[in-house]
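Chain A is the first sequence line, chain B the second, and so forth, proteins listed ahead of strands; every chain is numbered from 1.
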There are 2 protein chains.
Amino acid sequence: MKLDTLKVACSNCNLRELCMPGGLNLQELQQIDGLVANRQKVPKSGLLFRNGETFQALYAIRTGMFKTAVNTEQGKEQVIGFQMAGEIIGLDGIVEDCHSCDAIALEDSEVCILPMERIDDIAKEVPGLQRHLHKIMSREIVREHGVMLLLGSMRAEERVAAFLLNMVQRLNARGFSSSELVLRMTREEIGSYLGLKLETVSRTFSKLVESGMIEVRNRHVRIVDVDALKELASSCN
Amino acid sequence: MKLDTLKVACSNCNLRELCMPGGLNLQELQQIDGLVANRQKVPKSGLLFRNGETFQALYAIRTGMFKTAVNTEQGKEQVIGFQMAGEIIGLDGIVEDCHSCDAIALEDSEVCILPMERIDDIAKEVPGLQRHLHKIMSREIVREHGVMLLLGSMRAEERVAAFLLNMVQRLNARGFSSSELVLRMTREEIGSYLGLKLETVSRTFSKLVESGMIEVRNRHVRIVDVDALKELASSCN
DNA sequence: CGGTACCTTGAGTCAAATCAACACCAGTGG
DNA sequence: CCACTGGTGTTGATTTGACTCAAGGTACCG
């Protein structure tokens, strides 16, 4: 077996449980290996795809972190989400065969390219993959419901608390600390995502520090009182 | 052919172009007819499904209108969307085999029940259906991006303008007027959807009336100056 | 080591929320 | 028939949380 074939095989990827379906037998696993056409490195601030670009593939994040954002006609950007290793981006492109948002790397990153054609072909043979794709899309829909709830009915402190808890929970699922995290995005990007101005994000961090829930040094955040933070995030007055 | 078989056949449903894939041949059309297990009437204020309920089927709206909403732990509801004839609801249930929002009829309605098992089975045979399902889910993701943009960065007037334009455009695609509409939901439900309080919705309507963009009598709205409304909806300061 | 991007904090402003009063309508039942 | 009720919608007065504007501070990179 050649080395670079090995390199792009899902069957021996440590992120498999995160981005690919479980419960496959050996033969199915080998079929799945045909999914990834290639890997692609994306440097910090690099664009993986942009609004208007023809849709060809989904991307599984292998390392690093991305933000996805839509732009108003006035050039203002609304961050839609922050995606990390094991997550799939590009689902927005399927409807119109054309991406409707930008995907930008927040740090040097690497993605697996999953050409949509191959996905469709292999899914025909491997029903588990088909169902898995449905689940991934449904998960994204449900995630966005959560963001809409946040944007539609939470106050600044609640939004920031919910954001931090969400980030640390996802990082924890990837083997990182459940109480410390390093933010890969600016205050402005957090603000855009949360529907707040960067000053408000900064002030809210300070307020949470003052009330002893978190510690902040630059982009390093330590969660001191998870329960209080959860209480806050779900208070939703 | 029995009458009640005819009754639930997609192949002779006038909403087919809205909710089912186009470009199918006769045989495929007949296969698709097996999708709909049943129709179900839902009276005004009735629940089609609720958060936590086991997921079994998607629903295609045949007549009427629904709202979908998620609830906070404190019992406050955030309206996620308003769905009308030809649209598919229930996609949120696929990830966890469990619905994560409520679907409530805003008027007496009727839906076609599409059991997920049947969808999967028939999609194996009819690739066009598979792709169509992907498109529907992707469309929902993109729609939610738009709502996030609205909630994250528009002011009250812009939100209301965007809401009215979106409603009238969708109604127009269903053969209704492109300048008049009857709202099936309360000001409070509109407010919840737009991240505003009901008083703000009411005041904003009044403001738009005053500036000559729309006319309002109860839930009947007439759009007088579409261009001004569009201008407003996309100004996004 | 200088420049730039990023972050924090303060003071004042403003848009939307809150609180409150009242109008309207449909349905109910005396 | 009318009085009553509860849900809905409008409008006004006031408050407030987040925004805006402004000034520095800090960290990072070539």
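With rounding to whole Å, B:Leu151 atom CG is found 19 Å from C:dA15 atom P. Taking atom CD of A:Glu157 as the reference point, atom C1' of D:dA18 lies 12 Å away to the nearest angstrom. Taking atom CG on A:Leu183 and atom C1' on C:dC7, their separation rounds to 13 Å, with Å as the unit. Rounded to whole Å, atom C1' of D:dT11 lies 13 Å from atom CZ of B:Arg187. Here D:dA22 presents its P atom at 15 Å from CG of A:Leu198, a figure rounded to the nearest Å. Between the CZ atom of A:Arg184 and the P atom of C:dC6 there is a distance of 15 Å, given to the nearest Å. The distance between atom NE2 of A:His220 and atom P of C:dC7, rounded to the nearest whole Å, is 15 Å. If you measure from atom CD of A:Glu210 to atom P of C:dT8, you get 14 Å, rounded to the nearest angstrom.
Set against C:dA17, C:dA16, D:dT10, the side chain of B:Lys197 has C:dA17 as its closest nucleotide.
Nucleotides of DNA chain D nearest to B:Glu188 and A:Ala156 differ in position, and the one nearer the 5' end is that of B:Glu188. Comparing A:Asn218 and A:Leu196 by the nucleotide of DNA chain D that holds the closest heavy atom to each, the one mapping nearer the 5' end is A:Leu196.
Aromatic pair A:Phe82/A:Phe66: centroids not less than 6.0 angstrom apart.
Within 6.0 Å of the CD atom in A:Glu188, the count of heavy atoms belonging to other residues, nucleotides or ligands does not exceed 12. Remark: B:Lys135 NZ is packed, more than 12 non-hydrogen atoms of other residues, nucleotides or ligands lying under 6.0 Å away.
Within 4.0 Å (heavy atoms only), A:Arg217 reaches no atom of the nucleic acid at all. Here A:Gly191 lies out of heavy-atom contact (under 4.0 Å) with every strand.
Using a 4.0 Å cut-off on heavy atoms, the residues of residues 199-207 of chain A that approach DNA chain C are A:Glu199, A:Ser202, A:Arg203, A:Ser206, listed by number.
The backbone N or O of A:Leu91 lies less than 3.5 Å from a partner atom in the side chain of B:Ser138, making a donor-acceptor pair.
Screening A:His99, A:Gln78, A:Gln83 for a side-chain hydrogen bond (donor to acceptor under 3.5 Å, both in side chains) with A:Thr68, the sole residue that qualifies is A:Gln83. With A:Glu87 as the partner, the salt bridge (Lys or Arg N to Asp or Glu O under 4.0 Å) test is satisfied by one option alone out of A:Arg174, A:Arg62, A:Lys67: A:Arg174.
Phosphate contact (OP1/OP2 of D:dG9, side-chain N/O of B:Arg219, threshold under 4.0 Å): present.
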With salt bridge (Lys or Arg N to Asp or Glu O under 4.0 Å) as the criterion, how do A:Arg184 and A:Glu107 come out once you've worked through the C-alpha distance, each side chain's angles and the decisive distance to 0.1 Å?
CA-CA 7 Å; A:Arg184 306 261 90 122; A:Glu107 58 185 323; 3.5 Å; yes
